[in-house]
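Proteins come first, then strands; the chains are lettered A, B, ... in the order of their sequence lines, and each starts at number 1.
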Number of protein chains: 2
Amino acid sequence: MQLSPTMQKYILHWGEMGTRWGVNRTVAQIHALLYLANRPLNAEDICETLGVARSNVSNSLKELQSWGLIRVQHVLGDRRDHFVALQDVWEIFRLITEERKRRELDPTLSVLRECAIEAESDPLIEAATRVKMDKVLEFLELLLSGYDDFKHLPPGVVLKLLKMGSKLGQLAAMFGNDEEQK
Amino acid sequence: MQLSPTMQKYILHWGEMGTRWGVNRTVAQIHALLYLANRPLNAEDICETLGVARSNVSNSLKELQSWGLIRVQHVLGDRRDHFVALQDVWEIFRLITEERKRRELDPTLSVLRECAIEAESDPLIEAATRVKMDKVLEFLELLLSGYDDFKHLPPGVVLKLLKMGSKLGQLAAMFGNDEEQK
DNA sequence: TTTTAATTTCTGTAAAGACAGAAATTAAGG
DNA sequence: CCTTAATTTCTGTCTTTACAGAAATTAAAA
């Protein structure tokens with residue numbers, strides 16, 4: 001399986017981006033390849049196309065599955081596992097966001113809470129420092145609860161919100177402190 | 001300068017988080033220390049407190065300055081540079097977001113645009129693949145334009161939006177396609 | 001059941017980034 | 001201007017992660 005220069009460029013870049021977003025380059029490149037492919041690919045296809053060792057492909061596929069970004073799809077007449085990537089961009093975004101929250105922000109929230117509690121009884125920590133710890137904690141809690149509310153919105157609604165742009169700020173001013181308007 | 005176990009825990013964790021968000025552990029730890037400190041610290045203070053080589057501190061401080069997260073603040077009677085971190089959590093968040101957009105998403109947007117254009121004339125790229133490239137590009141453009149609209153909102157307004165939660169979805173349905181209501 | 005293909009695990013090493021410390025440069029103080 | 005402190009740059013190495021390939025295990029086909 002050959003890649004055109006444009007596809008190579010795309011996949012290489014996706015790989016670079018992936019390292020910034022929590023997975024290694026090879027994992028991200030495999031994800032890109034499976035996303036762009038219009039049919040299920042097996043591990044050997046991937047090895048050949050990307051020039052990566054079979055075992056590395058195997059481990060990377062396992063990681064992508066743990067993120068829920070790809071799944072196994074068997075092909076009639078071929079006993080090898082084939083893989084397909086999620087094709088809906090919104091869903092991909094949702095999954096990555098959710099998974100990163102779970103792997104990173106949730107543990108951070110725990111640590112920040114523990115530290116806030118411990119700091120209450122730690123005479124070595126100045127009051128001003130304690131306040132700052134509390135502010136970071138409140139900020140993260142607010143962000144996460146806001147995210148929790150938003151994550152269930154259908155893409156179409158999110159789309160509308162994004163397109164409303166700064167008009168949203170005006171609406172918040174009008175409605176933010178009122179009971180529901182129906 | 002001694003750190004209590006709680007402060008150590010906090011700073012260590014911030015360091016781990018930092019590596020997930022684009023800076024190395026030491027850079028993030030120094031940022032945490034300067035944030036929690038209630039006075040300007042010089043490079044030697046930081047070396048001693050975190051047990052890091054002076055040169056590493058120097059380079060890390062330079063990086064934090066490039067993110068705009070800290071600045072030099074001279075202290076009377078001491079010719080050494082002292083440093084203070086931004087203290088407003090919202091502002092820190094805004095800066096990190098903006099800077100990451102600039103360093104990562106803007107280049108990605110460029111590459112995606114180039115690839116979309118190149119793919120138009122690449123006979124090796126299937127139409128379905130081209131559609132997928134376009135979808136990712138549209139998604140990112142939408143996200144970035146939405147972000148552009150939101151980033152100028154004052155923290156108080158953002159706070160309101162976050163607190164409105166799923167009520168926002170209802171408002172989008174009511175107002176999303178209408179002209180402004182005044 | 002055996003054979004063979006496919007996958008996974010393991011292990012050593014390659015690569016990249018982080019780091020410490022020496023050397024060089026800069027700048028403040030005397 | 002000289003001295004010395006402070007900072008920066010450079011370089012070698014340490015650490016961590018990624019990776020390749022061999023070996024082991026699993027599972028499908030004959």
Atom pairs under 3.5 Å: protein N/O with N/O of nucleotides 8-11 of chain D:
from  : atom 1 : to    : atom 2 : distance (Å)
D:dT8 : OP2    : B:S58 : OG     : 2.7
D:dT9 : OP2    : B:K62 : NZ     : 2.6

I need the minimum non-hydrogen distance between [X] and [Y], along with the two atoms involved.
X: A:H31; Y: A:A85; result: CD2-CB, 4.2 Å
X: A:T97; Y: A:F93; result: OG1-O, 2.7 Å
X: A:G15; Y: A:A28; result: CA-CB, 3.7 Å
X: A:V72; Y: A:Q65; result: CG2-OE1, 3.6 Å

Are any of the side-chain nitrogens in [X] or [Y] under 4.0 Å away from the carboxylate oxygens of its partner?
X: A:R130; Y: A:E126; answer: no
X: A:K9; Y: B:E114; answer: yes
X: B:E91; Y: B:R94; answer: yes
X: B:E98; Y: B:K151; answer: yes

Nearest-nucleotide comparison on DNA chain D, the residue closer to the 5′ end among B:D78 and A:G51: B:D78
Nearest nucleotide by nearest heavy atom, which residue falls closer to the 5' end of DNA chain D, A:R79 or A:S60? A:S60
Can you see if the side chain of B:N24 gets near the phosphate of C:dG17 - specifically, an N or O under 4.0 Å from OP1 or OP2? no
Should A:R80 be listed as having a side-chain N or O under 4.0 Å from OP1 or OP2 of C:dA6? yes
When the distance from [atom1] of [X] to [atom2] of [N] is rounded to whole Å, what number comes out?
X: A:H82; N: C:dA5; atom1: NE2; atom2: P; value: 16 Å
X: B:H74; N: D:dT7; atom1: NE2; atom2: C1'; value: 11 Å
X: A:N56; N: C:dA15; atom1: CG; atom2: C1'; value: 13 Å
X: A:E48; N: C:dA6; atom1: CD; atom2: P; value: 12 Å

How are the rings of B:Y35 and B:W14 set to each other: parallel, tilted or perpendicular (split at 30° and 60°)? tilted
Near DNA chain D, counting only heavy atoms under 4.0 Å, which residues of residues 25-46 of chain A show up? A:R25, A:T26
